[in-house]
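Quick notes on the structure that follows.
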There are 2 protein chains.
Amino acid sequence: MTSMDSRPAPGAVDVVARPTLDDVARLAEVSRKTVSRVMSGGQNVAPDTRERVLRAAKALRFRPNAVARDLRTGGTSRTVAFVIGDLTNPFYAAVASGVERALARQDLTMVLAATEDQVEREVQAVTAMLERRVRALLLVPISDDHSYLDGERELGTPIVAVDRPLSHAVSDLVVLDNRGGAALALRALVDAGHRRIAFVGSSSRLRPHAERRAGYEDVLRAAGLPVDEALIRQDAPDVDAAEAATGQLLALPDPPTAVFTANNRATAGAARALRGHPSRVVLFGFDDFELAQATGVSVVAYDPAQMGEAAAALALERLGRPSRTTEQITLPTHLLVRGDISPA
Amino acid sequence: MTSMDSRPAPGAVDVVARPTLDDVARLAEVSRKTVSRVMSGGQNVAPDTRERVLRAAKALRFRPNAVARDLRTGGTSRTVAFVIGDLTNPFYAAVASGVERALARQDLTMVLAATEDQVEREVQAVTAMLERRVRALLLVPISDDHSYLDGERELGTPIVAVDRPLSHAVSDLVVLDNRGGAALALRALVDAGHRRIAFVGSSSRLRPHAERRAGYEDVLRAAGLPVDEALIRQDAPDVDAAEAATGQLLALPDPPTAVFTANNRATAGAARALRGHPSRVVLFGFDDFELAQATGVSVVAYDPAQMGEAAAALALERLGRPSRTTEQITLPTHLLVRGDISPA
DNA sequence: ATGAAAGCGCTAACAT
DNA sequence: ATGTTAGCGCTTTCAT
């Protein structure tokens, strides 16, 4: 650095160099440390000194550098990572909203990475977050091997799995009562008189779906009803596929009188397929959604934002006591029955 | 630091100190710089040296510290901030998803802050982001005075407003063709034969709403129809309020034959109010939504993710040429007419 | 191909 | 109440 005010400009024409603590100190004619003190709460500073520093800071448009601060104070930022599949899915968005809210209360910021349900992107996102020294890592897992996270716990980063557990790795966990929730819905349908109830969901590879399917079967068996594979579609990972699958179910020689959809995507697809269908078929979905009430669709409901809040809370607790045993929180579900769900 | 391996543990029982470049260098018996070279691409390193370094890094579970790297390389992180109102609104969620996608392509991470539409939280979030030295700042503004952002542009941080402009400050901007979109819908309704078309939306304080309202009036006037204040409700900022407002419109002595809702919240509320309503009232909304098709609601549609992508792109362009004049992108809308929209 | 020294912007520790 | 020194973990000169 040659002359005082010639700090290298970041490549652009009229862009001005960003002032640092030093610049403020120089202008206020105090030491760096004094400025630092003023900037962070400012104990033990004479009122007029503080005044002078603040004026200088304002004049220079000084903005403290949190990156430098974090580095100095411990190497971890006031930031928590949340790695999810797809923000476009209202379920994930609501969970993220809960995470954000819980963190904001502690003056923490959520860093969000979407993986579009691709394993490589999960690894990549998680790595980037950990390198950024996030305070904690929340994730909705997709990879089927999270052993790459093994070391991280010992290094003190709380890791919380959301919606489903990690594979080959232990962590705190927040899940729904999937099996119980599905069973509630099925019992309601069976009690209403349905005997042929279809199941539409995505791959049984995913734990929540396997559990919802189990809850579906639990009730059928308990009621002495057959579990008819022809009525079970697990090949509907998105709305379009669910629409198609439901359409095919309706076209069956002996069609179902009710359709249980295992998640919001499936419900949306089924609702589309059911629109304009001549005979009455009752739709019951897992996951509430905004227009469920307006469309008279009954659902298994719960509070997704609460999931996010619980996950954030778990992470913060572990930050306090890293060595305690891992914890699992299972969130309850409840039924929202809208209108008449009896068979035709 | 007294003895070699006694770096202070971060306060916890069995938590292990996080290894640094130095630790790796020591184990691999090379210099810090050599490890650094290997970690970042690694030109000019002998194959066996590199091998040794990588082994050491793996053994120690070394993870580079991006915070330190960023500090050294220029004080700005590979991070872009997006400050929005509410992630729970599918519109914002979809925009965020677009932002995330566009950034991920450039290996950048989105940092998200939700303000719950509170001015103080906006200022607070923006400040936190800037202190974190984000590469760029995208925001859906709520404050009515953004002059506090004035200095930031000169300091080289690209700022992009999304959905509506900043107040008292200039910036790049991505908006929708709100007026045109609303006019499209109204023309469709008028052409279909409607004469009494209600308007349900939130506060006209917000630019997009004022524009949509203007589009609504444009068409009525052009068609020689009266603009009846009794049919215009601008007091419906959320779903419940929209439901109530719509209910009251329907109870009018001379009720509307169609309702134009100015955003997805209003549409959801109106749909609820319309459910089970005896006489036929056509619903036309601004913003598409998942179940619009299944429920036969016509909408003014556009691609919210594209908004996010455009905003991110604008920010990155400005990063390259900070001094060019600000730019505004107006995204087109189109109609999705579903079913018969003619009056009863 | 490798290393030594310096420093990014800040704060902790220890003066004074 | 204020200043000095050192150093967070990394990369950037510039040597060798």
Side-chain angles (χ1 to χ4, degrees), chain A residues 1-2 6-10 17-53 56-57 60-78 130-133 155, chain B residues 1-2 7-11 17-53 56-57 60-78 130-133 155:
Chain A
M1 203 168 300
T2 43
S6 74
R7 299 219 272 93
R18 193 181 277 281
T20 72
L21 257 191
D22 268 308
D23 299 324
V24 178
R26 216 169 295 140
L27 183 59
E29 301 184 287
V30 294
S31 80
R32 229 157 27 163
K33 179 63 205 181
T34 301
V35 180
S36 166
R37 268 195 275 260
V38 172
M39 283 344 228
S40 40
Q43 301 302 17
N44 288 3
V45 185
D48 52 325
T49 314
R50 126 186 259 88
E51 194 56 35
R52 204 146 31 92
V53 169
L60 293 176
R61 292 209 185 93
F62 172 71
R63 216 183 269 289
N65 184 335
V67 175
R69 195 215 313 273
D70 287 345
L71 179 60
R72 180 65 246 228
T73 48
T76 143
S77 62
R78 295 203 63 79
L130 293 176
E131 293 190 354
R132 223 151 275 164
R133 295 296 184 267
L155 292 175
Chain B
M1 202 170 299
T2 42
R7 299 221 270 91
R18 193 180 279 280
T20 72
L21 255 192
D22 268 308
D23 299 323
V24 178
R26 216 168 297 138
L27 182 59
E29 301 184 287
V30 295
S31 80
R32 228 155 32 162
K33 178 60 209 181
T34 302
V35 180
S36 168
R37 269 195 275 259
V38 172
M39 285 343 246
S40 41
Q43 303 301 18
N44 287 3
V45 186
D48 51 327
T49 314
R50 130 188 254 87
E51 192 57 35
R52 208 147 29 92
V53 168
L60 293 176
R61 292 208 185 94
F62 172 71
R63 216 181 269 289
N65 185 336
V67 175
R69 192 211 322 266
D70 288 344
L71 177 59
R72 181 64 246 237
T73 47
T76 143
S77 63
R78 296 202 64 78
L130 292 176
E131 292 190 355
R132 222 150 278 164
R133 295 297 186 267
L155 291 176

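Because the structure is a prediction, the values reported are computed rather than measured. Letters go in sequence order (proteins before strands), and every chain restarts at 1.
- In this structure, the nucleotide among D:dA6, D:dT4, D:dG9 sitting nearest to the side chain of A:Leu71 is D:dG9.
- Rounded to whole angstrom, the span from the CG atom of A:Asn65 across to the P atom of D:dG9 amounts to 17 Å.
- The shortest side-chain heavy-atom distance between A:Arg132 and B:Ser77 does not fall under the 4.5 Å cut-off.
- The CE atom of B:Met39 sits 14 Å away from the C1' atom of D:dT11 (whole-angstrom rounding).
- Rounded to whole angstrom, the span from the CZ atom of A:Arg32 across to the P atom of D:dG7 amounts to 14 Å.
- Summary of the strand contacts: A:Asp22 and A:Arg37 both lie near DNA chain C, and taking for each the nucleotide with the nearest heavy atom, the more 5' one is attributed to A:Asp22.
- Atom P of nucleotide D:dG9 and atom CG of A:Leu155 are separated by 13 Å, given to the nearest angstrom.
- Counting atom types as modelled, B:Arg72 pairs no side-chain N or O with a base atom of D:dG9 as donor and acceptor under 3.5 Å.
- Checking D:dG9, D:dT2, C:dA12 against every side-chain atom of A:Lys33, the shortest atom distance belongs to C:dA12.
- Remark: P of D:dC10 and CZ of B:Arg18 are 10 Å apart, rounded to the nearest angstrom.
- Where A:Asn44 and B:Leu21 meet DNA chain D, the nucleotide closest to each residue was compared, and A:Asn44 sits on the side nearer the 5' end.
- Closest contact between the side chain of A:Thr73 and the listed nucleotides C:dG9, C:dA1, C:dA12 involves C:dA12.
- Distance, A:Arg50 CZ to D:dT2 C1': 14 Å, rounded to whole Å.
- Residue A:Arg69 places its side chain closer to C:dC10 than to any other of D:dA1, C:dA4, C:dC10.
- Side-chain atoms of A:Thr20 and A:Asp23, non-hydrogen and from C-beta on, do get closer than 4.5 Å to each other.
- The OG1 atom of A:Thr34 lies 12.5 Å from the CE atom of A:Met39; values are rounded to the nearest 0.5 Å.
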| query | When you look at A:Leu71 and B:Asp70, which way does the side-chain contact (heavy atoms from CB on, under 4.5 Å) test go after all the steps? | reply | CA-CA 10 Å; A:Leu71 179 60; B:Asp70 288 344; over 6 Å; no
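- In this structure, the CG atom of B:Asp23 is 13 Å from the C1' atom of D:dC10, given to the nearest Å.
- Closest contact between the side chain of A:Ser36 and the listed nucleotides C:dG3, C:dT11, D:dT11 involves C:dT11.
- Atom C1' of nucleotide C:dT2 and atom CG of B:Asp48 are separated by 12 Å, given to the nearest angstrom.
- Here A:Thr34 does not reach the OP1 or OP2 of D:dT2: none of its side-chain N or O atoms lies under 4.0 Å away.
- Counting all heavy atoms, side chain and backbone alike, B:Val38 lies closest to B:Arg50 at CG2-CA, 4.0 Å.
- A sub-4.0 Å separation between OP1 or OP2 of D:dG3 and a side-chain N or O of A:Ser31 is present.
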